[in-house]
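A short write-up of the structure that comes next.
Starting from 1, each residue takes its place in the sequence as its number.
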Amino acid sequence: MSPLDKLLEEVKIERHRQIDLPGSEYDLVNNVNDWIAIASHYLTQDCSRKGITPTRQDFHSSLVKAAAVIVAALEYEENLVRKGHIKE
């Protein structure tokens with residue numbers, strides 16, 4: 001398995017984990033800004049602040065979670081079009 005395949009598998013596993021979380025049924029009502037805010041949360045969660053450097057595992061985990069959220073947003077893209085949140 002290539003390094004890329006391993007990373008994509010991690011994202012896939014995380015996406016399935018997210019689907020199983022309570023509240024995921026409300027993903028259907030997310031708008032564009034909601035998806036961006038959720039992904040941004042994970043993207044900025046472990047940035048270096050005030051001299052505190054994140055661990056490699058924390059950094060990696062946050063990026064995998066953000067990637068899985070982005071995949072979720074792409075999965076709901078058609079719903080966003082139907083609701084008029086994005087244009088065709």
Side-chain angles (χ1 to χ4, degrees):
M1 185 178 270
S2 74
L4 176 58
D5 289 335
K6 288 179 185 176
L7 290 170
L8 293 174
E9 184 63 22
E10 282 185 67
V11 172
K12 184 177 178 181
I13 290 167
E14 173 60 22
R15 178 68 192 120
H16 287 295
R17 186 192 74 78
Q18 290 172 353
I19 289 169
D20 290 337
L21 291 173
S24 67
E25 63 274 13
Y26 299 113
D27 286 353
L28 209 67
V29 300
N30 285 350
N31 62 38
V32 173
N33 290 341
D34 295 327
W35 287 116
I36 291 170
I38 296 165
S40 295
H41 165 76
Y42 289 114
L43 285 171
T44 60
Q45 188 172 18
D46 288 305
C47 63
S48 187
R49 292 183 289 269
K50 297 183 183 179
I52 299 171
T53 304
T55 66
R56 180 180 185 170
Q57 180 55 43
D58 288 343
F59 176 71
H60 182 92
S61 177
S62 291
L63 291 178
V64 168
K65 288 176 183 178
V69 168
I70 292 167
V71 167
L74 291 168
E75 289 175 329
Y76 284 97
E77 186 175 15
E78 186 60 37
N79 184 58
L80 293 169
V81 171
R82 269 195 312 275
K83 289 186 167 192
H85 294 293
I86 55 176
K87 295 179 182 179
E88 192 62 53

One should read off an interatomic distance between Lys6 NZ and Leu4 CG, to the nearest 0.5 angstrom, of 11.5 Å
With a 4.5 Å cut-off on side-chain heavy-atom distances among I, L, V, M, F, W and Y, is there a chain of contacts connecting Val81 to Ile36?
yes
Can you find a pair of side-chain heavy atoms, one from Val29 and one from Lys83, that are under 4.5 Å apart?
yes
Smallest heavy-atom separation, Val32 atom then Ile86 atom, equals CG2-CG2, 3.3 Å
Nearest heavy-atom neighbours spanning Asp46 and Asp58
OD2-O, 3.0 Å
Could you tell me whether a side-chain N or O of Asn79 sits under 3.5 Å from a main-chain N or O of Leu28, the two making a donor and an acceptor?
yes
Can you list every salt bridge (charged side-chain N to carboxylate O under 4.0 Å, His left out) pair that touches residues 13-25, not counting sequence neighbours?
Glu14-Arg17, Arg15-Glu75
Nearest 0.5 Å, please: how far is OG in Ser61 from CZ in Arg56?
13.5 Å
Grab the two heavy atoms, one from Val69 and one from Ala39, that are nearest each other, plus how far apart they are.
CG1-N, 3.8 Å
Applying side chain to side chain donor-acceptor pair (under 3.5 Å) to Asp27 and Ser24, what does each step give before you reach the verdict?
CA-CA 5 Å; Asp27 286 353; Ser24 67; 5.3 Å; no
Minimum-distance pair of heavy atoms, taken over all atoms of Val11 and Ala67
CG2-CB, 3.7 Å
Between Ile38 and Asn30 the two heavy atoms that sit nearest each other are CD1-ND2, 3.7 Å
Do the non-hydrogen side-chain atoms of His60 and Val64 ever get within less than 4.5 Å of each other?
yes
